[in-house]
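Chain identifiers are assigned alphabetically (A, B, ...) following the order of the sequence lines, protein sequences preceding nucleic acid strands; residue numbering begins at 1 within each chain. All values below come from the heavy atoms of this structure, side chains included, with hydrogens, waters and symmetry mates left out. Predicted model, so just to flag it, every value in this text is computed and none were measured.
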2 protein chains.
Amino acid sequence: MQAAGPLTVTRLEGGLADAYAAVLCDLDGCLVSGATALPGAVDFARSCGPRLWIVSNNSSDTAASLSDRLATLGFDIPPERILLAGEQALRDIADRRPGARIYLAASGRLEALARSLGLSPVTLMADVALLARDPDFGLVRLSQLVRVLAGGAELVVANPDLVHPGADGLPEPETGALLASLAACWPDLTYQTVGKPQTALLSEAMRRAGVEAAEALFVGDNPLTDGIAAQRAGIAFLHVLPPVLAAPGPTKGD
Amino acid sequence: MQAAGPLTVTRLEGGLADAYAAVLCDLDGCLVSGATALPGAVDFARSCGPRLWIVSNNSSDTAASLSDRLATLGFDIPPERILLAGEQALRDIADRRPGARIYLAASGRLEALARSLGLSPVTLMADVALLARDPDFGLVRLSQLVRVLAGGAELVVANPDLVHPGADGLPEPETGALLASLAACWPDLTYQTVGKPQTALLSEAMRRAGVEAAEALFVGDNPLTDGIAAQRAGIAFLHVLPPVLAAPGPTKGD
C-alpha cells in the first residue's frame, strides 16, 4: 500500500495504513456517519494507534467534545490528535488578534472555547467575525453579520463545505451553505478559511506528529476537499467512498 | 402627473396620484421603513383613500396582521386591499392543491393561515414546500427542506428578494438569501414564486379594484422588482427613492 496515486476503497480495515508514520484521517464519511461508526473504522483506528490524527472540517465540535463523543463509538483518540476547522480558526484568530472582539455565528461549544482563549464575544462592533456550522443561524445572525462586516470586521469562515453526506445519503447543510446566504446579502464578501482544501489543518497535524509529508497518508471521502488538500500538501491520498456510494444498491427481493 | 415613463421622487406626498383610479403601492421603503411611517406617506395614503392597494413581497405577515400594524402607524388600509407574496403563495397552493401536505419554512402567522386554508403542515413527506421569510430558518429547516424536495415535493418561494433596505440603510436579509442556502445544498432547484417581479400580485389587485392597467399607477422603491413588475403589467411606475438614497447626506456641523 505505497502507490503514488490515490487508491480507492469502499471501507476501511485494520492494517490498511501500516506503511505510514502518520495517518491523517477525515471524520464524517470515513470513520463515522452521523452518530454511527462506519464498518471497519474502529479496527482501522485501532491498527493505527497513536499514528492516527483526525483532520476534519467539523466546525461545531471542539477537539475535547469530539474526543468524548468518539469514545462512546469505540474510538480512543485524545483531543491532542484531533484538528478541527472551527476550533483551529478560533485558535488562529486568538493568536493573530489577542483579546479581539469577536462576532460568533457558531455553536455554544465554540463560544466557550473563544472565551477560554481570551476573545470577547460581542454582537456589535466586532474586530472579527467567525462563521461556523451555527445551529442558530438564521435571519437574526445574517442581519448582525451584515452589520459587523459593514463596521469593518474581518470575516473568517471555518470551512467552505456546502454539505456533508447525511446518514441517509442525502446532503446535510454545512457552513458553506450558510455562507451562501451571507454572500447573497453582502456580495463583496472576502474571507479566510482554515478548512480543507486549505492545508493548514494538515500542516498542524504533521507538525505535532513530527513527520514529513512523504511519511504521511491522508484518508478522506471527498476528493474536492480532502483530495485537493492532500495533493497540495504533497501527502499520499486514500479515497474512501462515502457510505451512500460504497453501499450495495437494493436488489430484487430486498 | 401622467408621464408615460417612470417618474422619480424622494418622498411621497398627498395628491401625487390623483390622476389614477387605482394606486398599487409597495410597502417597505415607500410607506414604511421598519416600524416607522416614512415622511409624507400617511398624507399620501389618505389622499388615495380606497384607491390605495398594498402590493408587497412581504412574506412574514398576513394581510390581517399587517393591516393592524399599519393602523398603529396612522394608515387606514383594510386587509382586503393588502396583497402580500407569502399569503398569496399560500392561497395559490390551497387553490391548486386543496388539502395538500405542506412543509412550511415560514412564520407562525403563515402556518396559522395555512391551516385555516385547509392545508396540513408536515415536516416530512410533503406535497409542496413553501419557503418564505422564516424567522426560524437555519440548519434544521435546511436539512428538512432537502429531504422533502428529495421526496418529490414541489417548491414554492414566496419572494426572490435577497435583501430589503433596513432602517439603518444596510441590507436586511430576505427570503432570497435563505433560498441561496438551499440552492447551495440542492443545486437542481426549481421553484415558482408569486412575488414581484412576477405580476401575479399586481393582477390580483387590479382584478379586485376592477381597473385596467392604463388606469393604475405602481409606486415602488425597487426598480428590479417593483419597476420590472409594473413594466410587465403595463402599469405606469412612480419610483420613490429608498430612504437611504433620499435622505440628505451628513453635513459639517451636524
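Taking chain A as the reference chain and counting heavy-atom pairs below 4.5 Å, the highest number among B/A180, B/P171, B/A184, B/A183 is found for B/P171. Among the candidates A/P173, A/C185, A/G176, A/S143, the residue making the largest number of heavy-atom pairs closer than 4.5 Å to chain B is A/P173.
For the pair A/L178/B/L142, a side-chain contact is recorded, criterion being any heavy-atom separation below 4.5 Å from C-beta on. For the pair A/L170/B/W186, a side-chain contact is recorded, criterion being any heavy-atom separation below 4.5 Å from C-beta on.
Among all heavy-atom pairs drawn from B/D168 and A/R147, the shortest one is OD2-NE, 2.7 Å. Nearest heavy-atom pair across A/R133 and B/L139 is CG-CD1, 3.7 Å.
Looking at A/D134, the atoms closer than 4.5 Å to chain B (heavy atoms on both sides) all sit in the backbone: N, CA, C or O.
Of all residues spanning residues 57-74 of chain B, none has a heavy atom less than 4.5 Å away from chain A's heavy atoms.
Heavy-atom neighbours of A/Q231 CD from other residues, nucleotides or ligands within 6.0 Å: at or below the threshold of 12.
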